[in-house]
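Working notes, structure below.
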Amino acid sequence: MTRKRTEVADIDRSMYDFRFDNACERVDAGLTPAIVEEISRRKNEPAWMRAFRLESLEAYHAAATPDWGPALDGLDMENIVTYVKPDTEQKSDWESVPDDIKTTFDRLGIPEAERSYLAGVGAQYDSELVYHSMQESAANMGIVYSGIEEALTGEYADLIRSRFMTLVPPSDHKFAALHGAVWSGGSFVYVPAGAKLDFPLQSYFRLNAKGAGQFEHTLIIVEDDADLHFIEGCSAPRYNVANLHAGCVELFVGKRARLRYSTIENWSKNMYNLNTKRAVVDEEGSVEWVSGSFGSHVGYLYPMSVLAGAKSSCTFTGITFAGTAQNLDTGCKVVLAAPETSAAIQTKSISKGGGISTFRSSVVATEAAHGASASVSCQSLMLDDASRADTIPAMDIRCKHVDIGHEATIGRIGDDAVFYLMSRGLSEEAARTMVVNGFADPVGKELPLEYAVEMNNLIKLEMEGAIG
């Protein structure tokens, strides 16, 4: 019998590559002061936000396009629509959501997840939230979970104004400035001191429109001694033109507080994913990032933790899958800015079919980081001769009394491991499946259950042939 070549399939995106031609309102493509003012006018924003947007637009035009990562030549802002409003207002009753939008989120499993175990859900479609709800038990604890736009003029307006884009200022980089100019939708979460939510909150972002951008803003404040798990999911159907995602996440973690932030980004292969996420952590607080990057044509994604309080900590657990026509540049950043702070970073990447996966990290230990520690571990697995994996760590150590370590491995499925497993009675296909599943398993264990199942489905192996 002729032995067929063992193949590893690309991610199966069939459950995401459906779309509806919704009635919607949209601004013109491109990026001008008139377009930015039109977005602000439609949202009836306070004057300070309108001014903030226009200042951000100036910063965008003045900033240079990144030239150190994957090429952005295929992204032309003159062809991107920055605001698309679906033909509905935000609902709190799922049955009131228009049928085509409801069908979209039903297929993605959002209502089922809400009924099963979530304390609150927000669903964004293109540029606006279309559904939002929270369990009464969470509200009774004083927890606030709402769309950030409605909170912008409510009880927490002053708090939002004092924090909005202070962790990620428009001056940070070109696409942070773009976000500041055209942001729309997103979530606001406030967890008061001492509140501990047993069930997660979740936001899901769906970009349906062709040639459009999504720019949601997430602002989470977890006060002293509080605890929260927040889950974020993203997807989009595939088009033959560029789409853009340039969201922003700002996390404020109080003293002895804990925030776990889990994300699965499964954008389509025409997407440029230029997202920015950042957390600041106070004394003895902790932030835990769990990140899965499976989609987009080009990705720049480096969640950052600023450990500002003594004995604060962060963990980052991530997995990236780069298949055909994907160049994913991912990793994380940590600033050890106080005594006895600690960070633990563990990432896995898989590349195949000419896909490029780059791990890029930055660890900064300031002069105040006496007794701090950080460990960085990244492992990359290439599944064929056409794929590529790179590791680019950076360490800036300004304090003598710290313990910083980095280790990286890049390789292929080892013939010795396959041979050993086959000697124990497994077929070659089963042996290779076990090696790859074992490689990804430590990250999968950190994901919420339904996302761990999704990850296993996304990275499933399709073996052909037999050993003759």
*asked:* Tell me if the aromatic rings of Trp289 and Tyr261 count as close, with their centers under 6.0 Å from one another.
replied: yes
_Phe252: partners by ring-ring contact (aromatic ring centres under 6.0 Å, His included), with sequence neighbours left out_ = none
*Taking ring-ring contact (aromatic ring centres under 6.0 Å, His included) as the test, write out the residues that go with Phe359, two or more places apart.*
none
*Could you tell me which non-hydrogen atom of Ala308 sits nearest to which non-hydrogen atom of Val280, and how far apart they are?*
CB-CG2, 3.9 Å
*Where at least one partner belongs to residues 329-351, residue pairs that pass ring-ring contact (aromatic ring centres under 6.0 Å, His included), sequence neighbours excluded*: none
*Test side chain to side chain contact (heavy atoms under 4.5 Å, CB included) applied to Val182 and Ile39, step by step*: CA-CA 7 Å; Val182 298; Ile39 293 172; 4.1 Å; yes
*Would Phe188 and Tyr156 count as a close aromatic pair, with their ring centres under 6.0 Å?*
yes
*Ring centers of Tyr272, His297 separated by less than 6.0 Å*: yes
*asked:* Main chain of Leu336, side chain of Thr366: is a donor-acceptor contact present, judged purely on distance under 3.5 Å?
replied: yes
*Carefully, step by step, assess Phe52 and Trp183 under the rule ring pair (Phe, Tyr, Trp, His ring centres under 6.0 Å).*
CA-CA 11 Å; Phe52 184 91; Trp183 75 273; 8.8 Å; no
*asked:* Does the structure place the NZ or CZ of Lys174 under 6.0 Å from the centre of the six-membered ring of Tyr60, at an angle of no more than 45° from the ring's axis?
replied: yes
*Which atom pair, heavy atoms only, marks the closest approach of Lys269 to Gly323?*
NZ-C, 4.3 Å
*Output yes when Arg278 and Asp172 qualify as a salt bridge under the 4.0 Å nitrogen-oxygen rule, no when they do not.*
yes
*Ionic contact status for Lys196 with Asp198, cut-off 4.0 Å*: no
_Test: Glu250 and Arg163 ion pair at under 4.0 Å_ = no
